[in-house]
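A quick write-up on the structure given underneath.
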Amino acid sequence: MTHSLDDARALDAADPLAGLRDAFSLPDGVIYLDGNSLGALPKATVAAQRDAVERQWGADLIRSWNANDWIGAPQRIGAKIAALIGARPHEVIVTDSVSVNLFKLIVAAARIQKDRAQILTEPGNFPTDLYTAGGAADILPDHAVHTEQAGDLVDALGPDTALMMLTHVHYKTGARHDMALLTEEAHEAGALALWDLSHSVGAIPVDLNGCEVDLAVGCGYKYLNGGPGAPAFLYVHEDLQEQLRSPLAGWMGHEAPFAFRDDYAPAPGVTRFLCGTPPILSLLALESGVDLFAAIDMESVAAKSAALFDLFADRVEERCAGHGLERITTRNAAHRGSHISYRHPDGWPISQALIERGVIGDFRAPDILRFGLTPLYLRFEDVWQAVEILGDILDSGVWREDRFAEKAAVT
């Protein structure tokens, strides 16, 4: 199907989410296709941070823990995120990073799974998930991480499996696991299910309660637009909360943190998974991003994501044919997240040439060009123009110039 620029503009005119673009600070001359790695800045965040610094911290000082409810921020923001992932408000709390939260939940879950020592995941999972699982296994008696390819996970579940830990949407390919099916299979085998939602939350519908998920973690700085290094969140099903105990027994997870007792007693519910003092400014920045979802439903977000994907994929087939791009993300919207990835042997220099032209996607080693399709602020016209620029770069061969050859330490 041939798509014109006018077609793309017509899709923008009919887009029910189009008005949300004005809620973000987006640089002129830039097409931002990396919101799946770092979300754009919500304009409301600037004013909220100014208030947090100048009034709450500057004027109210330590009184803000009560007067401005700093103390309740992890639970308050967690409840807002719960609405995006099909969880109950008291099942989600914002705290620490994804890596730290994974460690807490892996260890806590393994300790209640008696006579089971396997942590099952898949090779090629996001590296921090694999590293953290390995680190957790090192401190658990006789535990080990076992990996199986996605198609073999069900057969690998067995009487020794304590925990199945998977990322819902794969960070490179965009492939989405069947959460309901795999969680059910884990439970049939007597295992618990832990899902990483970092590339799902804020981009596609998630229904943790509907899938009877036990545990989950997720990222605050991608589709939730919480800012660089924003705090992460964790979810614990209400039926498990009193059984689990965090291996990081910090004072904010104590049942009476301001009693200053020497002995530790975990707080009731998911609050026991707090650890140290919350990073208030970062929490409040995340809250500004999360609040943008209050007036929209995730089905609308998912529908736009799917339409953006279709336009991108169609345009690449039309405009970039013959240049060696291999799409590795499925066209089946039910089986993917909200980014589209292509393999190319010269992916790195092509990505750098795109950035020079104002199209910011990203690269994942060894050869993946990855483009985030962020429904809250990306236009169909942006997608059309981005692929047009990609076609120009491939036609001209400019990416072969030496200045694009050297890889930076951080991409």
Carboxylate-amine/guanidinium contact Arg261 Glu255, below 4.0 Å: yes
Between Tyr264 and His254, ring centroids under 6.0 Å: yes
Over 12 non-hydrogen atoms of neighbours within 6.0 angstrom of CG in Asn332: yes
Whether over 12 other heavy atoms sit under 6.0 Å from Tyr221 OH: no
Residue pair His146 / Glu148, side-chain donor-acceptor N/O under 3.5 Å: yes
Salt-bridge present (Arg379, Asp12; N to O < 4.0 Å): no
Ionic contact status for Asp96 with Lys104, cut-off 4.0 Å: yes
Between Glu326 and His344, a side-chain donor and acceptor under 3.5 Å: no
Polar contact flag, side-chain donor to acceptor under 3.5 angstrom, His143-Asp138: no
Between Gln241 and His90, a side-chain donor and acceptor under 3.5 Å: no
Other residues, nucleotides, ligands: >12 heavy atoms within 6.0 Å of Leu61 CG: yes
Side chain to side chain contact (heavy atoms under 4.5 Å, CB included) assessment of Leu26 paired with Val30: CA-CA 8 Å; Leu26 295 164; Val30 169; over 6 Å; no
Straight-line distance of Leu378 CG to Ile31 CD1, nearest 0.5 Å: 8.5 Å
Modelled atom types, side-chain donor and acceptor of Thr161 and Gln118, under 3.5 Å: yes
His339 ring center within less than 6.0 Å of His199 ring center: yes
Test log, rule side chain to side chain contact (heavy atoms under 4.5 Å, CB included), inputs Met164 and Leu194: CA-CA 6 Å; Met164 180 189 70; Leu194 167 57; over 6 Å; no
Smallest separation among heavy atoms of Asp239 and Gln243, with atom names: O-NE2, 3.0 Å
Quiz item: cation-pi between Arg331 and Phe309, 6.0 Å / 45°: no
Nearest heavy-atom neighbours spanning Arg176 and Gly337: CB-N, 4.4 Å
Ion pair check, Glu242 and Arg272, cut-off under 4.0 Å: yes
Pair Arg319 + Asp392, salt bridge at N-O below 4.0 Å: yes
Centroid-centroid distance, Phe404 to Trp348, less than 6.0 Å: no
Test side-chain hydrogen bond (donor to acceptor under 3.5 Å, both in side chains) applied to Asn209 and Glu91, Glu238, His237, the passing residue: Glu91
Residues, nucleotides or ligands: over 12 heavy atoms within 6.0 Å of Tyr131 OH: no
Residue pair Leu390, His323: steps toward the side chain to side chain contact (heavy atoms under 4.5 Å, CB included) verdict: CA-CA 10 Å; Leu390 174 60; His323 285 293; over 6 Å; no
Nearest heavy-atom neighbours spanning Ser351 and Leu369: CB-CD2, 3.6 Å
Distance-only donor-acceptor check, side chains Arg63 and Asn68, under 3.5 Å: no
Short side-chain donor-acceptor distance under 3.5 Å, Ser198 and Asp196: yes
Side chain to side chain contact (heavy atoms under 4.5 Å, CB included) assessment of Tyr235 paired with Leu105: CA-CA 9 Å; Tyr235 154 93; Leu105 292 181; over 6 Å; no
Side-chain donor-acceptor contact under 3.5 Å, Thr329 with Thr173: no
NZ/NE/NH1/NH2 to OD/OE distance under 4.0 Å, Arg9 and Asp15: no
Electrostatic pair Asp367:Arg343 at N-O distance under 4.0 angstrom: yes
Donor-acceptor pair between Asp291 and Ser288 side chains, under 3.5 angstrom: no
Exercise: do Thr183 and Trp195 side chains pair donor with acceptor under 3.5 Å: yes
For the student: nearest non-hydrogen atoms of Ala108 and Leu244, plus distance: O-CD2, 3.5 Å
